[in-house]
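Proteins come first, then strands; the chains are lettered A, B, ... in the order of their sequence lines, and each starts at number 1.
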There are 4 protein chains.
Amino acid sequence: MISKFLSLESEKKNRILNAALKEFAQKGYKNGSTNEIVKSAEISKGLLFHYFKNKRELYLFLFDYCIEVLLDDFYNKINLSQSNIIERLRQFSMVKIKMLERYPDIIRFVEVAFKEDSIEVKNEIEERTNKLSDTNLKKAFEGIDVSRFKEGIDVEKAINIIIWTFEGISNTEIKKAKLTPLGKIDYDRIIDEADVYIEMFKEWFYK
Amino acid sequence: MISKFLSLESEKKNRILNAALKEFAQKGYKNGSTNEIVKSAEISKGLLFHYFKNKRELYLFLFDYCIEVLLDDFYNKINLSQSNIIERLRQFSMVKIKMLERYPDIIRFVEVAFKEDSIEVKNEIEERTNKLSDTNLKKAFEGIDVSRFKEGIDVEKAINIIIWTFEGISNTEIKKAKLTPLGKIDYDRIIDEADVYIEMFKEWFYK
Amino acid sequence: MISKFLSLESEKKNRILNAALKEFAQKGYKNGSTNEIVKSAEISKGLLFHYFKNKRELYLFLFDYCIEVLLDDFYNKINLSQSNIIERLRQFSMVKIKMLERYPDIIRFVEVAFKEDSIEVKNEIEERTNKLSDTNLKKAFEGIDVSRFKEGIDVEKAINIIIWTFEGISNTEIKKAKLTPLGKIDYDRIIDEADVYIEMFKEWFYK
Amino acid sequence: MISKFLSLESEKKNRILNAALKEFAQKGYKNGSTNEIVKSAEISKGLLFHYFKNKRELYLFLFDYCIEVLLDDFYNKINLSQSNIIERLRQFSMVKIKMLERYPDIIRFVEVAFKEDSIEVKNEIEERTNKLSDTNLKKAFEGIDVSRFKEGIDVEKAINIIIWTFEGISNTEIKKAKLTPLGKIDYDRIIDEADVYIEMFKEWFYK
DNA sequence: AATGAATGAGCCTTCATTCAT
DNA sequence: GATGAATGAAGGCTCATTCAT
C-alpha cells in the first residue's frame, strides 16, 4: 500500500510526511503518537493505516525516505573529482552543515532514529545503517589520492582520526547548542573550528 | 523510602536492581515497564512502589547508583600519579574496556540514559551529567604534565583529537561485536589497535 | 469531543448517560468507577475516553446536563403569572415532587453532587451552583406581589421560614420513604401535609 | 480488639483518634487513607489493624465515639427544667454553637459522616442516625410544657417549623462561611439572626 | 479513497490488609 | 504488643489498530 501513498498528490503526501517526521523526531518511535500525526496532518485515522500497515511500517518507510533524500542531495553537492582527502573531508563537513540548515526536521529525525532503542524497530534500523555505511564509505572515498600522505603514515588510521575528529567537533557543538536557550547551532564557529584541525592534519599527514 | 531499599538483603536488592537495569537499558524510560521489572525481579507490584515513589524516582535512583558504581571503580583503577597524558588516556581506555566486561548492564543502561529523550527525566539526567563532567574532567586531568608537547602544538586540540580517536576505536569495536553472533568484544584486539594510534600520537605531539 | 457524544444515537447515548448517572449517584465522584460505567453501559473502556477527556470532564458534563434537564422542565411547569408567593411556593413543591417521580436518577445524582467533597470537582460544582442560585432565585421570585403580607412582618424572614419548612417536609418524607421496603414516596401524603402548613402560613402572614 | 484499644494509654489513644478523625473528616470514608492515619499518628500499619479489624470498623467506631462525646456534653449543657419550648430550642442553638467551637474536628467528622455515600458504611451510619433521632428527640423534648401555645395551633407542626427554621439558619450561615476566605463562622451574627426568628415565633405561637 | 467510532491490552499507581518476626 | 515488608486487585487512562459505512 505504500506505493499508493507514493502516488498521492504532492500536497497531502507532504502533510503526512512532515507530520510524521516531526512527531517521531520529537518523541521517538514508541512515544510518537499516530493520533498526533493524523491530527497534525489533518487526515483521518483510517487513512494513515490504509497507506501504512502499521506504525512500524510508517516509521521504517520514513527512515528510508529520509536517507534517500539526504544521500541524493549529499552526493550532488560533493565534488567527487577532488582527490585530496582532507579537502574532501572538509567538503563533507560543509555539506553536512548546509544540509542541517536545509532539512532540519529530516536530519533531526534521522539522528534520533540512529539512537532509537525500541526493540520493535531497533534491529531494522541498525541493519539499514550498516548497509549504508558499507556502500557509502566506499563511494565517499572513491578516487581518493593517497600519494599525498607522508611515507610511513598508516593511511587508514590517519583517515579514521580525521573522521572521528570531525565527528567529535560536531557532537561537541551540538551538545553546546542544546545548553543555550534557543538551541541554535553556530555554523560559522564550527567551520572556523574545523579549519584549525584541518591545518593540523595537513601539516601532520601530508608531505 | 529509598533508604529502606538500600538496607535490603543483598540478594533481593540485586534482583530488583538488575531487573530494572535491564528493562530500562533495553527499552528506555518511557517504554520500560514497571510491570516487566516486578515480574523479572519476582516481587509484587506494590513492593516496587513501596521502595520507590514512582517510576521516575526509580529511574533516577538507578542512574545515580550506576554512576557511583562506575566512578568508584574507575578511579580505583586509574593511577593518578601518571603525568604523561597519552599514557593516562591509554589507561582510561583500558579501564573503560575492563569495566565493559565487568558491568555490561550498568554501562548499557548509562549509555542509553545519556541519550534519553523523555521529557520527564531528560532534564534531570542532563543536569546530573553536566555536574559530573565538570568535577570529573578536572579530576581526570589532575596533575597532567603538558611540557612534553612540542612547541607550537595547540595542546587543547591535540587532547581532543586523542580523546575522540579513542572513542572512535571503542565505538567501532562495539559495533563490530554487535554483528558477531555472541556479541563478545575482543579486548586484546582493541588494545593492540589502540597502541598503534598511541604511537602515532606520541610521534606527532611529543618532543 | 463532548460534541461528538451529543450527536450520538439516542439509545447508546442514554445507556452511557444512565450508567454514569447511577454510578456517580451511588458512589460519588472519587469512588465512582469508570470501569463500572463502561461495563454497565456495555461499551469499551476506550470509547468513554474518546468522548470525555477524563473522569472529571464526564462528571462535570453530567452535572451540567442534569441541571439543564431539570431547570428546563421546572420552568415549563411553573406558572410565573401566579403572583401570590405562598401559592407559588406550593407550586414549587408540587413540581419538585413530580420531578422526583420523573427523574429519580438525575435528582439523586444532583443531590449527591451538591454535597460532593472531592477536591477535584468540589470547587467547580460550587461555582456552578452559585451561578445557578443567583440567576434562578431572581427568576423564581419574579413578579411576586408582596403587598399581601400583613404590615410589620419581616417579609424576607417570612419567606425563609416558608422555604425551610417545605424543605423540611420533603426531607422528612424522603427519609421515611427510605425506611419502607420499596422506598416509594407517598406523594399524596406530602401534598396533604404541605397544605396544612400552607394554611398556617396564610393565616399568620397574610392580611 | 476495640476493647484493647480503649484501655490504651491516653496519649497514644488520642494520637490515633485524632489522626483518624482528621483524615476521614477531610477526605471521607473511601478516600481517607489508613496509610496517612498511621503516618500522622506515628504508629505502625500493623498496630492499627491489631486494634481495628479493618478500615470499616475503625470508621464506625469513630462515629460511635464522636456521637457519644457530643451527646454527653450536649445534655450536660442543656437545662432540661426549662419547659418553654422556644427557650429550649434557643438553648439548643447556643449549645450547638459552643460545641462547634469546642470540638471542631469531631463535629466536622460527624457532619461529613452523615452525608457519607460510600456503600460500605452508608447503611450502618444511616441506621445509627435513625436510632439516635428516635431516642434523642424524645429526650430533647422531655418535660416540655405545651400549654403556652395559642389554642388552635397544631403544636407538632409548629415545632417542626421552628426546628427547620433553625436548621435553615445554620446551613445558610455555614454556606456563607465557606465562601469567605478563611471559612470562619460568625457566631454572634447567627445568634442575633436566630433571635429575630424566635421573637416572630413567640408572637405567632404563644398566647 | 476516506472516515472516525470502537476496541481492549497495557500502562503506572494506590491501598487495605496480612503475616513473619 | 508492635513492626513494616509484602501482596495483588482495582483504579484512571492511552494508544495502535480494525471495520462498517
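Secondary-structure annotation of DNA chain E gives the stems E:2-21 with F:2-21, with a stem taken as at least 3 successive Watson-Crick or G-U pairs whose two distances both fall under 3.5 Å.
Scanning all heavy atoms of the two residues, the minimum distance from B:Ala20 to B:Leu62 falls at CB-CD2, 3.6 Å.
A 4.5 Å side-chain heavy-atom check between B:Phe5 and B:Leu17 finds at least one atom pair inside the cut-off. At a threshold of 4.5 Å between non-hydrogen side-chain atoms, the residues A:Lys30 and B:Lys30 do not count as touching. At a threshold of 4.5 Å between non-hydrogen side-chain atoms, the residues C:His50 and C:Ile43 do not count as touching. A heavy-atom distance below 4.5 Å is found between the side chains of C:Leu8 and C:Tyr51. Counting heavy atoms from C-beta on, the side chains of C:Phe49 and C:Val38 never come closer than 4.5 Å.
Rounded to whole Å, the distance from CD on C:Glu120 to P on E:dT14 is 13 Å. Residue A:Ile2 contributes atom CD1, which lies 17 Å from atom C1' of E:dA1 at whole-angstrom precision. Between the P atom of E:dT18 and the NZ atom of D:Lys55 lies a distance of 14 Å, rounded to the nearest Å. Atom CG in B:Asn31 sits about 13 Å away from atom P in E:dG10, given to the nearest Å. Here F:dT14 presents its P atom at 11 Å from CD of C:Glu57, a figure rounded to the nearest Å.
Taking side-chain N and O atoms only, D:Ser33 has no distance below 4.0 Å to OP1 or OP2 of E:dT14.
Remark: D:Glu36 does not engage D:Lys27 in a salt bridge, criterion side-chain N to carboxylate O under 4.0 Å. Under the 4.0 Å criterion applied to side-chain N and carboxylate O atoms, A:Arg56 and A:Glu124 are assigned as salt-bridge partners. For the pair D:Arg108 and D:Glu111, the salt-bridge criterion is not met [side-chain N within less than 4.0 Å of a carboxylate O].
The closest donor-acceptor contact from the side chain of D:Glu23 to the backbone of D:Thr34 lies at 3.5 Å or more, if one exists at all.
The OG atom of D:Ser40 sits 10.0 Å away from the CD1 atom of D:Ile16 when rounded to the nearest 0.5 Å.
Identified under the ring pair (Phe, Tyr, Trp, His ring centres under 6.0 Å) test for residues 6-40 of chain A, with sequence neighbours left out: A:Phe24-A:Tyr59, A:Tyr29-A:Tyr59.
Both B:Gly32 and C:Met1 lie near DNA chain E, and the one whose nearest nucleotide falls closer to the 5' end is C:Met1.
Applying the side-chain contact (heavy atoms from CB on, under 4.5 Å) criterion to C:Asn130, with sequence neighbours excluded, gives D:Leu179.
Within residues 44-54 of chain A, the residues that have a heavy atom under 4.0 Å from DNA chain F are, in order of number, A:Lys45, A:Phe49, A:Asn54. Within residues 4-25 of chain D, the residues that have a heavy atom under 4.0 Å from DNA chain F are, in order of number, D:Lys4, D:Lys12. Contacts with DNA chain F (heavy atom under 4.0 Å) in residues 34-43 of chain C: C:Thr34, C:Asn35, listed by number.
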